[in-house]
Amino acid sequence: MTRDRKDPPAPDEPRTVQETERQRRLREDHASDNQDEALEETFPASDPVSPFIPAKPRD
């Protein structure tokens with residue numbers, strides 16, 4: 001089973017996990033890149049909807 005890194009450790013797991021400075025930087029850069037990509041993917045949805053309603057054709 002995989003767990004999120006913010007999940008508390010199970011009772012039989014060690015409480016601290018050592019992470020090197022390089023590993024921390026790579027993890028944070030990856031998270032930042034994912035957040036930037038998600039923002040770019042949702043950008044058009046933030047634009048307001050056009051209120052234009054086409055007129056009905058005359059009979």
Side-chain angles (χ1 to χ4, degrees):
M1 176 174 119
T2 60
R3 297 180 317 139
D4 187 30
R5 105 182 230 97
K6 294 178 184 177
D7 289 341
D12 59 341
E13 287 183 299
R15 286 256 179 228
T16 59
V17 176
Q18 297 299 323
E19 181 178 53
T20 66
E21 181 66 26
R22 182 175 185 278
Q23 288 172 326
R24 183 188 62 78
R25 190 174 66 248
L26 289 172
R27 178 181 49 81
E28 289 175 351
D29 287 347
H30 181 70
S32 179
D33 291 343
N34 283 345
Q35 186 174 16
D36 290 344
E37 183 179 346
L39 180 62
E40 289 173 8
E41 293 290 324
T42 61
F43 176 72
S46 64
D47 294 342
V49 176
S50 174
F52 176 75
I53 301 173
K56 293 183 180 180
R58 293 186 181 183
D59 294 330

Other residues, nucleotides and ligands only: do more than 12 of their heavy atoms fall within 6.0 Å of CD on Gln23? yes
Partner set under salt bridge (charged side-chain N to carboxylate O under 4.0 Å, His left out) for Arg24, not counting sequence neighbours: Glu21, Glu28
Please evaluate residues Leu26 and Arg22 with respect to the criterion side-chain contact (heavy atoms from CB on, under 4.5 Å), reporting the C-alpha separation (whole Å), side-chain torsions for both, the decisive distance (0.1 Å), and the verdict. CA-CA 6 Å; Leu26 289 172; Arg22 182 175 185 278; 3.3 Å; yes
